[in-house]
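Notes follow once the structure below has been shown.
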Amino acid sequence: MTRWLVTGATGLLGANALRSLGDAVTGIARRVPVGDDRLHAIDLFDPAQCAGLVERFEADVVVHAAAVSSIEGCERDPVAARRLNVEVAHELATQSARHGSRFIYISTDAVFDGVGGRYAVGDPTSPTSEYGRSKVAGERATLDADPTAIVARVNFYGWSPTGTRSVAEFFYHRLARGEVTPGFTDVVVSTIEVTLLVNALAELAIGHARGIQHVVSSESISKFDLGRRIATEFGFDEGLVEPAASSEHLSVARGADLSLDTTATAEALGRAMPGQAEGITLLREEFDAGIPAALALLAPDRPANRLLFPRTAGT
């Protein structure tokens, strides 16, 4: 049985990894809910608490999902971004190499500037934000510490413990309330549903892949088109998703076309990465199966009677 250690286990990716990877999963986060013995409160900003984690939990695979992942947050506090996105990655990759564990570093499509699109794994990085720069540094630090590690460049959506961590939740909540919702026509990404991402990461780890991988959808999509397809899937009025320019809503610019080429990762997996339709269908299936409510139990500050996802119009 593969023993997994997942950092950032109460975030969007970490919580879904905890849900999907089987029984032998340990999650760590700065704050955790009471009563879940899979979770341990560990502050990775504290070097003393970070020391010896891989050995302590006897991990076969470490997924470093913890990050300062907000583009705006990294601009405000580049020191914190460097600590979690670079220094902790290097420390845990070093521990993994010493322990004989597999290490997966979660990177981002923001290592590119978004000018060209369809970036291949060997293309030179060109970040335009502190977030992207910290992730480029984290990629290098990881592979310096453990050349057999996997660096997974990702962009993903799905259900999260807080109900506020992904673009899909943004669209769902606003559309459920009947609100006009901006969809960016000038931001194109290869975003993937988070469970499909976790499954691919597990396959890559078990299959002995190494180095940089683009673990995203095989198809790119604009935020506008994604919003409309989510509206259709949930039975909402797709006309509520109106075209908008990202510059009108965001304080830090994103790249225009951050789509990633998945050819190398498909070869490593022995199969193509999923398309957009598969991810959006799965998003609805997970909603109907009560996954959002189950994930809400992982929110460390949840009210006892919180109901994040009432079954409103379109369900």
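Scope of the values below: all heavy atoms of this structure, side chains included, with no hydrogens, waters or symmetry mates.
- Cluster annotation: F171 is not connected to V188 through the hydrophobic network of ILVMFWY side chains, with a link wherever side-chain heavy atoms come within less than 4.5 Å.
- Scanning all heavy atoms of the two residues, the minimum distance from S134 to N85 falls at OG-ND2, 2.9 Å.
- For the atom pair CZ of R118 and CG of L260, the computed distance is 7.5 Å after rounding to the nearest 0.5 Å.
- Under a cutoff of 6.0 Å and an axis angle of 45°, K135 and Y105 form a cation-pi pair.
- Side-chain atoms of T148 and F103, non-hydrogen and from C-beta on, never get closer than 4.5 Å to each other.
- Between atom OG of residue S107 and atom NE2 of residue H214 there is a gap of 8.5 Å, rounded to the nearest 0.5 Å.
- Side-chain atoms of Q49 come within 3.5 Å of backbone N or O of D43 as a donor-acceptor pair.
- Residues A149 and L143 come closest through the heavy atom pair O-CD2, 3.8 Å.
- H249 NE2: more than 12 foreign heavy atoms inside a 6.0 Å radius.
- The closest donor-acceptor contact from the side chain of H64 to the backbone of H90 lies at 3.5 Å or more, if one exists at all.
- A distance of 11.0 Å separates OG1 in T191 from CG in L258, rounded to the nearest 0.5 Å.
- Judged purely by atom type and a 3.5 angstrom limit, Q276 uses its side chain to pair as donor or acceptor with the backbone of E219.
- Transitive grouping of hydrophobic side chains (ILVMFWY, heavy atoms separated by less than 4.5 Å) brings I221 and F234 into a common cluster.
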Start with the C-alpha distance between L92 and L5, add both sets of side-chain angles, then the distance that settles side chain to side chain contact (heavy atoms under 4.5 Å, CB included), and finish with yes or no.
-> CA-CA 11 Å; L92 293 180; L5 177 63; 5.8 Å; no
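- With rounding to the nearest 0.5 Å, the separation of OG1 in T265 from CD1 in I212 is 10.0 Å.
- The nearest pair of heavy atoms linking R210 to P147 is NH2-O, 3.2 Å.
- The hydrophobic clustering, which links ILVMFWY residues whose side-chain heavy atoms are closer than 4.5 Å, places V6 and I291 together.
- For the pair R31 and T10, the minimum side-chain heavy-atom distance is 4.5 Å or more.
- To the nearest 0.5 angstrom, D225 atom CG is 11.0 Å from I230 atom CD1.
- The side-chain heavy atoms of P182 and F170, taken from C-beta on, include a pair separated by under 4.5 Å.
- With a 4.5 Å cut-off on side-chain heavy atoms, Y131 and S69 count as touching.
- Follow the hydrophobic side-chain contacts under 4.5 Å out from L282 and you reach M273 in the same cluster.
- Note: F287 and Y172 have tilted aromatic rings, judged against thresholds of 30 and 60 degrees for the angle between ring planes.
- The distance from the OG atom of S101 to the CH2 atom of W4 is 11.5 Å, given to the nearest 0.5 Å.
- Between the side chain of E87 and the main chain of R82, no donor-acceptor pair closer than 3.5 Å is present.
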Could you walk me through whether L283 and W159 pass side chain to side chain contact (heavy atoms under 4.5 Å, CB included), step by step?
-> CA-CA 8 Å; L283 184 76; W159 307 117; 3.6 Å; yes
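- Within the 3.5 Å criterion, the main-chain N or O of A205 finds a donor-acceptor partner in the side chain of R102.
- At a threshold of 4.5 Å between non-hydrogen side-chain atoms, the residues L175 and V241 count as touching.
- Residues V88 and C50 are in side-chain contact: their nearest non-hydrogen atoms beyond the backbone lie under 4.5 Å apart.
- Residues V151 and V68 are members of one and the same hydrophobic cluster, defined by side-chain heavy-atom contacts under 4.5 angstrom among Ile, Leu, Val, Met, Phe, Trp and Tyr.
- In terms of modelled atom types and a separation under 3.5 Å, the side chain of Q95 and the main chain of L53 share a donor-acceptor contact.
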Quick one: do T195 and R19 satisfy side chain to side chain contact (heavy atoms under 4.5 Å, CB included)? Show the steps, please.
-> CA-CA 9 Å; T195 302; R19 175 179 68 83; 2.6 Å; yes
Going through the distances and angles, do R56 and I42 end up as a side chain to side chain contact (heavy atoms under 4.5 Å, CB included)?
-> CA-CA 12 Å; R56 172 183 169 185; I42 293 173; 3.8 Å; yes
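- Of the possible polar contacts, none joining the E130 side chain to the C74 backbone as a donor-acceptor pair under 3.5 Å is found.
- The pair D109-R153 fails the salt-bridge criterion, with no side-chain N (NZ, NE, NH1 or NH2) lying under 4.0 Å from an Asp/Glu carboxylate O.
- Counting only distance, with no hydrogens or angles, the side chain of E169 and the backbone of S160 share a donor-acceptor pair below 3.5 Å.
- In this structure, the side chains of L240 and E179 stay at 4.5 Å or more apart for every pair of heavy atoms.
- Between L21 and L201, every side-chain heavy-atom pair lies at or beyond the 4.5 Å cut-off.
- S220 places no side-chain N or O within donor-acceptor distance of the main-chain N or O of S190, the cut-off being under 3.5 Å.
- The heavy-atom pair separating L12 from V194 by the smallest distance is O-CG2, 4.1 Å.
- The two residues R229 and I280 have their closest heavy-atom pair at CB-CD1, 3.5 Å.
- Between the side chains of S246 and D186, at least one donor-acceptor pair of N or O atoms lies under 3.5 Å.
- The backbone N or O of A66 lies less than 3.5 Å from a partner atom in the side chain of T7, making a donor-acceptor pair.
- The side chain to side chain contact (heavy atoms under 4.5 Å, CB included) test with T281 is passed by exactly one of R284, E285, E278: E285.
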